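Computed from a predicted structure; not experimentally measured. Each chain gets a letter, A, B and so on, in the order its sequence line appears, and its residues count up from 1.
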Amino acid sequence: MEYNFEAIEKKWQEYWAEHQNFKANENSDKPKYYVLDMFPYPSGAGLHVGHPLGYIASDIVARYKRLKGFNVLHPMGYDSFGLPAEQYAIQTGQHPAITTETNIARYREQLDRLGFSFDWDREIRTSDPSYFKWTQWIFIQLFNAWYSNDVKKARPIQDLIDIFELDGNVMVDATCDEDTPSFTAAEWKTFDEKQQEDILLKYRLAYLSESVVNWCPALGTVLANDEVKDGLSERGGHPVEQRSMMQWSMRITAYADRLLTGLDTIDWSDSLKEIQRNWIGKSKGASVFFNVANSDHQIEVFTTRPDTIYGVSFMVLAPDHELVEQITTSDRKEAVEAYQEQTAKKSERERMADAKTISGEFTGAYVVHPFTQEQIPVWIGDYVLSGYGTGAIMAVPAGDQRDWNFANHFDLPIPNIFENHDVSEGPLEDKTGVLTNSDFMNGLKAKKAISKAIDAIYQKSIGSATTNFKLRDAVFGRQRYWGEPIPIYYENGIPKPIKDEHLPLELPEVDKYLPTEDGEPPLARADKWNYHPEKGIVANGEGFPIETTTMPGWAGSSWYYLRYQDAKNTEAFVEADKTNYWGAVDLYMGGAEHATGHLLYVRFWTKFLHDMDLIPVDEPAKKLINQGMIQGQSKLVYRINGTNEFVTASKRVDYDTTAIHVDVNFVNGDSMDIERFKNWRSEYNNATFIFEDDGTYQCGTEVEKMSKRWYNVVNPDDICASHGADALRLHEMFLGPIELHKPWNTKGIDGVSKFLRKLWRLFFNEAGEFEVSDDEPTKAEYKALHKCIQKVEDEFDRFVFNTSVSHFMICVNELTELNCNKRNILEQLTVLVSCHAPHISEELWKRLGNDKSVTTAVFPEFKEAYLIENEYTYPVSFNGKVRFKLTLPADASKEDVESAVMSNEQATKWLDGKEPKKVIVVPKRIVNIVL
RNA sequence: GCCCGGGUGGCGGAACUGGUAGACGCGCUGGAUUCAAAAUCCAGUUCUUUCGGGAGUGCGGGUUCGAUUCCCGCCCCGGGUACCA
């Protein structure tokens, strides 16, 4: 009987669904193992062969861990709020929920064909009210919390109110807005509710504030920093501008330090940790206040090099710095305002484009240097950003390239502060310079001088050691329809959370999914979008208005891993017992493109929920693997310009041609099916061709992202139909290391198909009947198997999936060679292979007479004894080059080997009467003789 | 610019803590089987060679009996980030 993957795969997929083989439960005395994939956004395009790469790898791990006796949680769901469904709704009027539903059905169908061992009982969808009820609930917990820097934890807002009533906020060390005023307990008590709430808002972890945001006019919404790339929106590539708006934000900056130190406790790739470290951007230094001459104002600067303070020859403020207006002298006013206006008009993109143009304006003001008492001019310049540090710098042109350029351009002095350094050549930016002209720091290098400088600054009460972060608070509101409504209503302008019993706050019906004529978000179109604390949602006119922005795409994904642990709970986002059992994700599989978005936010929410004693873990995922992208191999034909004639790849240099993408499905290897091409589009019906000398038309190849646009999409359904899911799974793993980007290559799949057929044939006799023998396997058969077990087990434990396919192949080839049909051997082999190729394994397993699924089997035990050799062949080298080989008993001692080598004929020849200087014998490895 | 990765046959890629470089697969070449094709099987496949060998893991040095692996200096590719003070 031949291997019929079609029938086998269908049969076992149905069997698994029916028997619920992958259902996880918490009542187990086995150790737990949680394998999670980043859940997909169900787009209308469906899956291509690149998408399942990570799912296949994580499925191998899930299956392996089950065989190893773990209680495995391996769930799947959908990140189903998102822009495409909304855009489609705007165009067609169809509710995004319907589009989403259709797309999910298609995704599920495609996923099911690949034989994944997901526990579908725990499926979640972020757009499902039973799910986002808890996203909203967590938002309210964030709203009702503040961050104490004393205990380095989030705490309930009520604690803060208690402190305010007792002592005011003078003693409170919290992460809060910069403009928070200080007040005493007595003052607090005189504030009315609105004033008190305004202050509390400056402390809440989910807060509303007037802030500068990335506004994308084309998308009609604000974007988070990680959604903006080079001044353009990541999605769609539309221009983004800076705009000041009332916005909901998340105080992620409170967690900056813990997000940084937490990285040391988790097993994520170096590059990913590095990306997060850069994004958080911690820099240590000092903040220093400079008094403005003849005024009460002070300018605070942040510097990482306080040791260079004697090199300060001017100050630069960001053009939109709040002090600019107050310190500018009347004669400079006009020029300064013109400059401010000019920079404000520039979009972020424009500013970055001419980053090399130096511009600025003198304010007319001076500050007094705290050590030298010299008068230092104050400038404004757009190379200083208001969003970083204090928005003001002390310029040290001798020690900083940008300051040097600025000084050079405006002819400002460049005082030297380094020994043996010529400031006319450029600045000395590294920390190797020895200071001079720096009073108490003369003769010191940066490291010692910095701490001395900070001491001196502190002594003078003009500043202190400070740490600065690049990380900004995260914008948490979208002017869009298809997202979680923010569960806040406004009672007389005071934001208050919707009561728990009125959650979920579901999306209202609207007539259109566009913003209103007044530029309000689409939710403002709803007739029934007011809230009454007793009655819940009421019609407009009653109660209080509800917030009309919705949550950003990353809200639902910031805690979904917890929901899988208790997906159906209606009383809590997750039951304590269950999350205590499952804890953190043991293996998280997903793309590296989420490094500064999702993977930061999910760590943030995890730490917050941990602080609130709601979950036991402080980090969401212990181990993270970033699977690479499978790229498409686009195929190109070359049209001779101005004609309808196409020239084959090798001859195109002789003509003036334009490359045109052609559907990869018409191309086998590089040769194109001419007829299918002609029928593809009417314009090609009459195309003529210049062929290769062998009469074929060869296409060119370009590796690029798999996309409809390039006609290079390969659908997994097609591969399942032609080669089977097991072959597809094996092939994707065999393509190379999981982390690497690699181009898809359909041709190579023949190799793994061949392997599957060979494996199948091991179980069948020449007449084609299933036949295995109960005889005791031979030593050689055991050896072939145990070599494979040893390698594969080691690889699985290291999360390496490509070479294990090689080892399966080697094992099957050896057993075929040995004509092995021993039950004992084949049964264990079946279990080994079942992680990669579950369908064929299940079929063979059942044919071997097992009642239960192969997923309940036990991973074979590796026995070294089968691998021990009687003999070992030593390569013998002279001066590092292998000259001959010598076979000796495996248990030969070092001395035995040595004497055998020395008495060998070949060796005598090489030694030629000389005494060797040294003889090196590495047991079971090599012999090296040095002359 | 800075910070992370990485450079191995025609191709994807192996090589554990320094120990016979190129496993395994694709492709290619030759052969067997076949009326023929598919499928299958066998042999070969880093380069070079006067068939003894010689060279070889981006380039140049170093440590070592021995280096793809460790160290120093370059070059190139990929990713991240960027007036971040």
Side-chain angles (χ1 to χ4, degrees), chain A residues 2 229-230 269-279 281-283 285 301-306 308 316 318 351-352 354-358 381-385 387-396 399-403 405-406 429 468-471 592-593 595-596 626 628 669 730-731 734-737 739-755 757-758 761 790-791 794-795 798 800 802-810 813 816 873-885 916-931:
Chain A
E2 271 303 297
K229 292 258 140 71
D230 302 327
S269 76
D270 288 342
S271 75
L272 201 126
K273 286 184 180 184
E274 203 55 36
I275 293 170
Q276 291 210 342
R277 279 192 197 107
N278 287 339
W279 190 261
K282 180 176 184 170
S283 43
V301 301
F302 172 72
T303 176
T304 55
R305 296 292 303 275
T308 62
V316 187
R351 231 204 39 241
M352 290 200 308
D354 51 52
K356 285 178 191 81
T357 327
I358 297 162
D382 67 358
Y383 82 96
V384 177
L385 306 172
Y388 183 76
T390 61
I393 60 154
M394 56 175 223
V396 183
D400 184 280
Q401 187 70 54
R402 292 152 306 162
D403 297 346
N405 294 346
F406 195 85
E429 293 198 287
N468 220 318
F469 292 93
K470 227 155 64 175
L471 184 71
E593 66 274 18
T596 55
N626 292 124
L730 282 161
H731 181 56
F734 192 54
L735 235 34
E739 299 92 344
L740 246 54
H741 295 310
K742 54 226 152 192
W744 173 260
N745 167 11
T746 302
K747 274 212 145 176
I749 202 169
D750 290 344
V752 293
S753 291
K754 225 179 267 181
F755 156 73
R757 283 195 295 270
K758 282 186 186 172
R761 252 181 266 130
Q790 184 190 31
K791 295 277 188 191
D794 174 57
E795 283 155 359
R798 289 186 294 127
V800 171
N802 54 334
T803 45
S804 45
V805 181
S806 303
H807 292 118
F808 295 149
M809 289 176 174
I810 294 167
N813 282 341
T816 306
T873 302
Y874 287 87
V876 182
S877 62
F878 283 80
N879 288 341
K881 287 256 146 64
V882 175
R883 311 291 172 169
F884 65 93
K885 288 170 188 177
K917 255 195 227 151
K918 221 193 243 179
V919 179
I920 297 148
V921 178
V922 182
K924 288 295 189 89
R925 281 291 157 96
I926 195 162
V927 181
N928 196 349
I929 299 170
V930 188
L931 295 180

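Regarding contacts with the backbone of B:G25, a side-chain N or O of A:N813 is found under 4.0 angstrom from either OP1 or OP2. Within the 4.0 Å cut-off from OP1 or OP2 of B:U40, not a single side-chain nitrogen or oxygen of A:R761 is found. Between A:K791 and B:C24 there is no side-chain polar atom (N or O) within less than 4.0 angstrom of OP1 or OP2. The side chain of A:R757 contributes an N or O atom lying less than 4.0 Å from OP1 or OP2 of B:U40. At the phosphate of B:A14, OP1 or OP2 sits under 4.0 Å from a side-chain N or O atom of A:N802.
The side chain of A:D270 sits closest to B:C4 out of B:C4, B:G19, B:C83. Which of B:C3, B:A85, B:G19 sits closest to the side chain of A:E274 comes down to B:C3. Listed candidates were B:C26, B:C83, B:C24. Nearest to the side chain of A:K754 is B:C26. Counting only heavy atoms from C-beta on, A:Y388 has its side chain closest to B:A85 among B:A85, B:G80, B:U20. Of the candidate nucleotides B:A23, B:U81, B:G13, B:G13 has the atom nearest to the side chain of A:P737. Listed nucleotides B:A14, B:C24, B:C83 differ in distance to A:L385; the shortest reach to its side chain belongs to B:C83. You'll find that the side chain of A:I275 is closest to B:G80, out of B:C4, B:C84, B:G80.
A distance-only check finds no donor-acceptor pair linking the side chain of A:Q401 to the backbone of A:E429 [under 3.5 Å]. Side-chain atoms of A:D403 come within 3.5 Å of backbone atoms of A:V396 as a donor-acceptor pair (strictly under, hydrogens ignored).
Here B:G52 is in the syn range [glycosidic angle within 90° of 0]. A syn orientation is assigned to B:G9, its glycosidic angle lying within 90° of 0.
If A:S877 and A:S283 are placed on RNA chain B by their nearest nucleotide, the residue sitting closer to the 5' end is A:S877.
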query = Is there a side-chain contact (heavy atoms from CB on, under 4.5 Å) between A:T746 and A:H731 once you walk through the steps?
reply = CA-CA 9 Å; A:T746 302; A:H731 181 56; over 6 Å; no

ask   = Are A:L735 and A:W744 close enough, and set up right, to give a side-chain contact (heavy atoms from CB on, under 4.5 Å), and what steps lead you there?
value = CA-CA 8 Å; A:L735 235 34; A:W744 173 260; 4.2 Å; yes

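The P atoms of B:A67 and B:U48 are separated by 25 Å, rounded to the nearest whole Å. To the nearest whole angstrom, the two C1' atoms, one in B:A21 and one in B:A15, are 7 Å apart. The same atom, P, is picked in B:C26 and in B:A39; the two are 12 Å apart, to the nearest Å.
Under the 30°/60° scheme for interplanar angles, the aromatic rings of A:F406 and A:Y383 are found to be tilted.
Distance CG (A:L740) to C1' (B:U8): 14 Å, rounded to an integer number of Å.
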